[in-house]
Amino acid sequence: MIIAPSLLASDHAHFGREVERADRSGADWLHLDIMDGHFVPNISFGPEVIRAVRPLTKLIFDVHLMCSCPEVLLEPFVEAGADEIIIHVELEGQVAPLIWKIKSLHKKVGLAINPPTAIAEVQPYLDQIDLLLVMTVNPGFGGQQFIHECLPKVQQADAWRQERKLPYRLSVDGGINFQTAAECARAGADTFVSGTTLFHAHNLRAAVNKMRQVVTAHDPAVADLKL
Ligand code: DX5
Ligand code: ZN
């Protein structure tokens, strides 16, 4: 299981400090949300922030590109220190060449799918990716409510991976708290991106630890336990 705090929910006045906090938290990866103000109605941060914080941690950098033209961004993000690059299936005709390009840069490839998009859209790419990210909110902002209607997509993606014996990780992103993490684990998710719940917790380390317990138990009742 992977727990990946999302830097989007951290204190943007202190990225370095926040990355060090994530580093000490026992998290597995750091999730970095890149928004271009076009694919989504918000702007976050770019490769220079990633380059600046890269020396502060050995955490895997899971870079989620919510961008209309990722092809111009792949090399800058790889040079800045990305370990995995996630692009969106909604880019349609661009998806196959982008996957090829990320592989040619020797980085892991993730494919994300938005809530309104049918899960069948990812099927042609499942044997080419390292991670499938099922968005459980409409991307663009942290702190939104989990959309429960996305859970069947997680179940379907898990069923396909078992049937076809494929190795991709199954990630969920958006509105992941202790309760919804357990629900996603039950549906088959193994990788949990969480911004607000983790970074806004008093004690990030305790929050990461609790999310791990909740996910291991596959039981939302464990979510009621005190931190
Ligand atoms: C949403 C981003 C998420 C976001 C999750 O557009 O892709 O990674 O940071 O934040 P929370 O956990 O606050 O929903
Ligand atoms: Zn994300």
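Every value quoted in this text rests on a predicted model; they were computed, and no experiment measured them. Residue indices begin at 1 and follow the sequence shown.
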Interatomic distance, [X] atom [atom1] to [Y] atom [atom2] [nearest 0.5 angstrom]:
{"X": "Asp11", "Y": "Leu7", "atom1": "CG", "atom2": "CG", "value": "10.0 Å"}
{"X": "Asn203", "Y": "Arg21", "atom1": "CG", "atom2": "CZ", "value": "9.0 Å"}
{"X": "Leu111", "Y": "Ser171", "atom1": "CG", "atom2": "OG", "value": "12.0 Å"}
{"X": "Tyr125", "Y": "Gln128", "atom1": "OH", "atom2": "CD", "value": "8.0 Å"}
{"X": "Ile60", "Y": "Asp28", "atom1": "CD1", "atom2": "CG", "value": "9.5 Å"}
{"X": "Ile102", "Y": "Ile129", "atom1": "CD1", "atom2": "CD1", "value": "10.5 Å"}

Using only heavy-atom distances, determine whether the side chains of [X] and [Y] contain a donor-acceptor pair under 3.5 Å.
{"X": "Asp158", "Y": "Gln162", "result": "yes"}
{"X": "His148", "Y": "Glu183", "result": "yes"}
{"X": "Asp33", "Y": "Ser44", "result": "no"}
{"X": "Asn177", "Y": "Thr197", "result": "no"}
{"X": "Arg169", "Y": "Thr191", "result": "yes"}

Self-check item: Electrostatic pair Asp190-Arg161, nearest N-O below 4.0 angstrom
Solution: yes
Is there side-chain contact between [X] and [Y], with heavy atoms separated by less than 4.5 Å?
{"X": "Leu91", "Y": "Phe39", "value": "yes"}
{"X": "Phe146", "Y": "Gln179", "value": "no"}
{"X": "Val193", "Y": "Ile176", "value": "no"}
{"X": "Val122", "Y": "Leu132", "value": "yes"}
{"X": "Glu84", "Y": "Lys107", "value": "no"}
{"X": "Val154", "Y": "Leu170", "value": "yes"}
{"X": "Arg164", "Y": "Asp127", "value": "yes"}
{"X": "Val49", "Y": "Phe15", "value": "yes"}

Quiz item: Could you give all pairs that pass the salt bridge (charged side-chain N to carboxylate O under 4.0 Å, His left out) test and reach residues 62-76, with sequence neighbours left out?
Solution: Glu75-Lys101
Taking all heavy atoms of [X] and all of [Y], pick out the closest pair and write down the distance.
{"X": "Pro116", "Y": "Asn138", "answer": "CD-OD1, 3.5 Å"}
{"X": "Gly142", "Y": "Leu8", "answer": "N-CD2, 3.8 Å"}
{"X": "Ile50", "Y": "Ala80", "answer": "CG2-O, 3.6 Å"}
{"X": "Ala22", "Y": "Phe199", "answer": "CB-CZ, 4.1 Å"}
{"X": "Leu73", "Y": "Cys67", "answer": "CD1-SG, 3.7 Å"}
{"X": "Gly175", "Y": "Val137", "answer": "N-CG1, 3.8 Å"}

Quiz item: Which pairs pass ring-ring contact (aromatic ring centres under 6.0 Å, His included) with one or both residues in residues 48-67, sequence neighbours excluded?
Solution: His31-His64, His64-His88
Quiz prompt | Thr136 side-chain N/O to Gly174 backbone N/O, donor-acceptor pair under 3.5 Å | solution = yes
